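Structure, as C-alpha cells:
Computed from a predicted model, the values in this text were never measured in an experiment. Here, residue 1 is the first one in the sequence, and each next residue gets the next number. What you see below is based on every heavy atom in this structure, not just the backbone, and it leaves out hydrogens, waters and symmetry mates.
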Amino acid sequence: MSEVELYLINEGDNCTIYTLQFLRDDESEFEKFISKFIDDAEYSEDYSRIAAFVTRIARSGAKERYFRNEGKMTDSVMALPVISSKLRQYCLRLSDRILILGNGGVKKIRTYEEDSSLKAYVITLQKFEKLLNAGVTDGSVTITESTIETDNIFEL
C-alpha cells in the first residue's frame with residue numbers, strides 16, 4: 001500500500017486541475033510525466049500536443065472531445081491526446097470542470113493492458129477514483145461543481 005494525496009495544479013474559472021502525489025515521491029504524477037518527456041527530442045512533438053491540450057483544458061474546460069476513452073465503461077479514465085500520438089497521458093475526467101492528471105508514457109502496443117507501465121498508470125487512477133467515491137459516500141470527500149475538497153491521505 002502507498003499513501004497518496006490529491007494535489008491542486010490549477011484552479012480556473014472553467015476547469016480545476018489536480019494530480020496525484022505519492023507521499024514517498026518528490027514529484028507528483030503529472031510532474032513525473034513532464035520530467036520524462038519535456039526534453040525528449042524523439043517525442044517533443046507529441047509532448048507539445050499534450051501540453052497544448054492541458055493549457056486549452058485549463059482555459060476552456062475538460063470537454064469530452066479532448067480525450068480518448070481508455071479505462072473501463074465503469075470508470076472515468078481517459079487519455080490525452082485524442083489525436084494520433086505515440087504518447088499517452090492518463091487522467092480522470094470527472095466532469096467538464098474537474099480533471100485529475102496522472103502519469104503516462106509511450107504507447108508502442110495496441111492496448112495499454114499489454115504494457116505493464118501503462119497498465120499500472122491506469123490501474124492507479126481506477127483505484128483512486130474508487131477511493132474518491134468511497135470518500136464521497138462516507139463524507140470525507142466533497143465534490144462540488146468545480147472542486148474536490150478533502151483532507152484525506154488515501155491508501156492505494
Can you check whether E149's main-chain N or O pairs, donor with acceptor, with T147's side chain at less than 3.5 Å? no

Any side-chain heavy atom of L20 sitting closer than 4.5 Å to one from F30? no

Taking the six-membered ring for Trp, are F128 and F154 parallel (under 30°), tilted (30 to 60°) or perpendicular (over 60°)? perpendicular

Looking at every non-hydrogen atom in both residues, tell me the closest pair between S95 and A62 and how far apart they are. O-CB, 3.6 Å

Before accepting this row, confirm whether a basic side-chain N of the pair R88/E70 lies closer than 4.0 Å to the acidic partner's carboxylate O. yes

Look up atom CD1 in I83 and atom CD1 in I50, then write down how far apart they are to the nearest 0.5 Å. 9.0 Å

Using the rule given for side chain to side chain donor-acceptor pair (under 3.5 Å), can you reason through N152 versus S140, listing the C-alpha separation, both sets of side-chain angles and the distance that settles it, and then say yes or no? CA-CA 7 Å; N152 284 6; S140 64; 2.9 Å; yes

List in chain and number order the residues that pass side-chain contact (heavy atoms from CB on, under 4.5 Å) with T55, two or more places apart in sequence or in another chain; answer none if no residue qualifies. R59

Spacing of I100 atom CD1 and I17 atom CD1 [to the nearest 0.5 Å]: 11.5 Å

Considering all heavy atoms, the nearest G102-F33 contact: O-CB, 4.5 Å

Scanning both residues in full, the closest heavy-atom pair of I153 with E3 reads CG2-CB, 3.7 Å

Does the side chain of L99 come within less than 4.5 Å of L92's, by heavy atoms? no

Look up atom CG in L125 and atom CG in L156, then write down how far apart they are to the nearest 0.5 Å. 9.0 Å

Got a second to check how far C15's SG is from I98's CD1, nearest 0.5 Å? 8.0 Å

Derivation of the side chain to side chain contact (heavy atoms under 4.5 Å, CB included) call for Q89 and Y121: CA-CA 9 Å; Q89 181 174 17; Y121 300 141; over 6 Å; no

Verdict with reasoning, T16 to E11, per side chain to side chain donor-acceptor pair (under 3.5 Å): CA-CA 4 Å; T16 304; E11 189 169 8; 4.7 Å; no

So F22 and E29, side chain to side chain contact (heavy atoms under 4.5 Å, CB included) or not? Walk me through it. CA-CA 8 Å; F22 284 94; E29 291 301 285; 3.4 Å; yes

Within the structure provided, determine whether L6 and I148 are in side-chain contact (heavy-atom separation under 4.5 Å). yes

Applying side chain to side chain contact (heavy atoms under 4.5 Å, CB included) between I57 and each of L101, L80, N10, report the one that passes. L80

Is the shortest side-chain heavy-atom distance between R93 and E64 below 4.5 Å? yes

Could you grab the distance from atom OG of S85 to atom CZ of F53, nearest 0.5 Å is fine? 9.5 Å

Pair K72 + D75: basic N to acidic O under 4.0 Å: no

Test side-chain hydrogen bond (donor to acceptor under 3.5 Å, both in side chains), reference N103, set K32, K36, E27, output is K36

Can you tell me how far CG of L94 sits from CD of E129, rounded to the nearest 0.5 angstrom? 6.0 Å

Does the side chain of D39 reach to within under 4.5 Å of the side chain of Y47, using non-hydrogen atoms? no

Minimum side-chain heavy-atom gap E31-Q21 below 4.5 Å: yes

Atom CG of residue position D138 - does it have more than 12 heavy atoms of other residues, nucleotides or ligands inside 6.0 Å? yes

So for atom NZ, which belongs to K127, do other residues, nucleotides or ligands contribute more than 12 heavy atoms lying within a distance under 6.0 Å? no

Can you find a heavy atom in the side chain of E45 that is under 4.5 Å from one in the side chain of R49? yes

Within a radius of less than 6.0 Å around CG of D13, do more than 12 heavy atoms belonging to other residues, nucleotides or ligands occur? no

Could you check whether any side-chain heavy atom of Y66 comes within less than 4.5 Å of a side-chain heavy atom of S60, counting everything from C-beta outward? yes

